[in-house]
**Q** 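I have a structure here, written as structure tokens, and I will follow up with some questions on it.
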Amino acid sequence: KKKKIYLILKSFLDFDPIQMVSDLRGVEQVPSPDTTIAKASNYFSNHINAFLLIFALTIALFSKLFNFRSKVYFVEYLTLGFFVIGEYMLFSIFILIASTISAKFFLLNYLVVFLYPVYVLVSFHSGNLFLRILKSLLISVLAWTSYSFLGFTISIFIVKIFGLWLSSTL
């Protein structure tokens with residue numbers, strides 16, 4: 001339900017995250033819409049709800065790898081990943097609305113993207129606080145980097161191999 005609200009607000013406000021970053025940098029960057037990268041970027045942005053499954057999997061995978069001695073199962077980490085996605089979507093709605101006021105509010109999105117999973121992971125585990133924070137920071141950065149890389153790679157694959165005819169089916 002949160003994903004639908006986010007996507008409805010995104011389309012209602014005509015929000016383009018790539019354009020928002022360009023505005024923040026003060027760069028007039030108008031990529032050709034016919035390039036594979038531009039098509040893949042649009043596909044990834046338009047189908048972000050389908051690609052968030054990859055984030056849940058990456059956060060679960062890296063959490064299990066970094067906490068392999070813990071008695072927590074992979075499925076529990078996967079549930080934690082879905083929880084983080086749901087809360088991120090909720091926070092993003094408010095950031096999206098604030099970004100219409102000023103593009104600088106979009107920078108809050110980066111804080112939420114990296115720091116909220118750290119907070120959740122630190123709260124989830126027990127033990128040495130410093131080690132929990134360090135592990136959680138590493139897990140968060142690796143999970144989001146892997147998610148971005150895998151999601152964009154899959155988008156490029158879909159655009160190059162299957163074309164954009166899939167955009168109306170997902």
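When a residue number appears, it is its place in the shown sequence, counting from 1.
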**Q** Can Leu134 be reached from Leu65 by stepping across I, L, V, M, F, W or Y side chains whose heavy atoms are under 4.5 Å apart?
**A** no
**Q** Going from CZ on Phe91 to CD1 on Ile93, what distance comes out if it is rounded to the nearest 0.5 angstrom?
**A** 11.0 Å
**Q** Which value, rounded to the nearest 0.5 Å, describes the distance between Leu121 atom CG and Leu80 atom CG?
**A** 5.5 Å
**Q** Side-chain heavy atoms nearer than 4.5 Å, only ILVMFWY residues, links allowed to pass through others: does that put Leu129 and Leu137 together?
**A**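 They do share one cluster, since a chain of ILVMFWY contacts under 4.5 Å joins Leu129 to Leu137.
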**Q** Parallel, tilted or perpendicular for Tyr147 and Trp144, by the 30°/60° rule?
**A**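 Because their plane-to-plane angle is over 60°, the rings of Tyr147 and Trp144 count as perpendicular.
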**Q** Could you pull out the closest heavy-atom pair between Val72 and Lys64, with the gap in Å?
**A**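 Shortest heavy-atom separation between Val72 and Lys64 comes out as O-NZ, 2.7 Å.
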**Q** What pair of heavy atoms forms the shortest contact from Asn109 to Ser92, and how long is it?
**A**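 Result for this residue pair: OD1-OG, 3.7 Å.
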**Q** Compare every heavy atom of Ala56 with every heavy atom of Leu78, then report the nearest pair and how far apart it is.
**A**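 For Leu78 versus Ala56, the nearest heavy atoms are CD1-O, 3.6 Å.
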**Q** Nearest 0.5 Å, please: how far is OH in Tyr116 from CG in Leu111?
**A** 14.5 Å
**Q** Would you say Ile59 ends up clustered with Tyr73 if hydrophobic residues are merged whenever their side chains have heavy atoms under 4.5 Å apart, either directly or through other cluster members?
**A** no
**Q** What distance do Ile133 atom CD1 and Ser140 atom OG have between them, rounded to the nearest 0.5 Å?
**A**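 If I round to the nearest 0.5 Å, the distance is 13.0 Å.
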**Q** Atom OH of Tyr110 and atom CG of Leu115: how far apart are they, to the nearest 0.5 Å?
**A** 14.0 Å
**Q** Is the shortest side-chain heavy-atom distance between Phe82 and Leu53 below 4.5 Å?
**A** yes
**Q** Please give me the minimum heavy-atom distance between Arg132 and His125, naming the atom from each residue.
**A**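 Scanning both residues, the minimum pair turns out to be NH1-O, 2.6 Å.
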**Q** Taking atom CD1 of Ile95 and atom CG of Leu108, what is their separation to the nearest 0.5 Å?
**A**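 Going from CD1 on Ile95 over to CG on Leu108, the span is 5.5 Å.
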**Q** Which heavy atom of Phe55 sits nearest a heavy atom of Gly81, and at what distance?
**A** CE2-O, 4.4 Å
**Q** Just say parallel, tilted or perpendicular for the rings of Phe51 and Tyr43, cut-offs at 30° and 60°.
**A**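 Ring orientation, 0 to 90° scale: perpendicular.
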**Q** Pair Ser70, Phe124 - check side chain to side chain contact (heavy atoms under 4.5 Å, CB included), show working.
**A** CA-CA 11 Å; Ser70 174; Phe124 187 71; over 6 Å; no
**Q** What are the two closest heavy atoms between Ile85 and Leu52, and how far apart are they?
**A** CD1-O, 3.0 Å
**Q** So for atom CZ, which belongs to Phe74, do other residues, nucleotides or ligands contribute more than 12 heavy atoms lying within a distance under 6.0 Å?
**A**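 Enclosed: over 12 neighbouring heavy atoms sit under 6.0 Å from CZ of Phe74.
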**Q** Just checking Phe149: does its CZ atom have more than 12 heavy atoms from other residues, nucleotides or ligands closer to it than 6.0 angstrom?
**A**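 Open: at most 12 neighbouring heavy atoms sit under 6.0 Å from CZ of Phe149.
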**Q** Side-chain heavy atoms nearer than 4.5 Å, only ILVMFWY residues, links allowed to pass through others: does that put Leu131 and Ile139 together?
**A** no
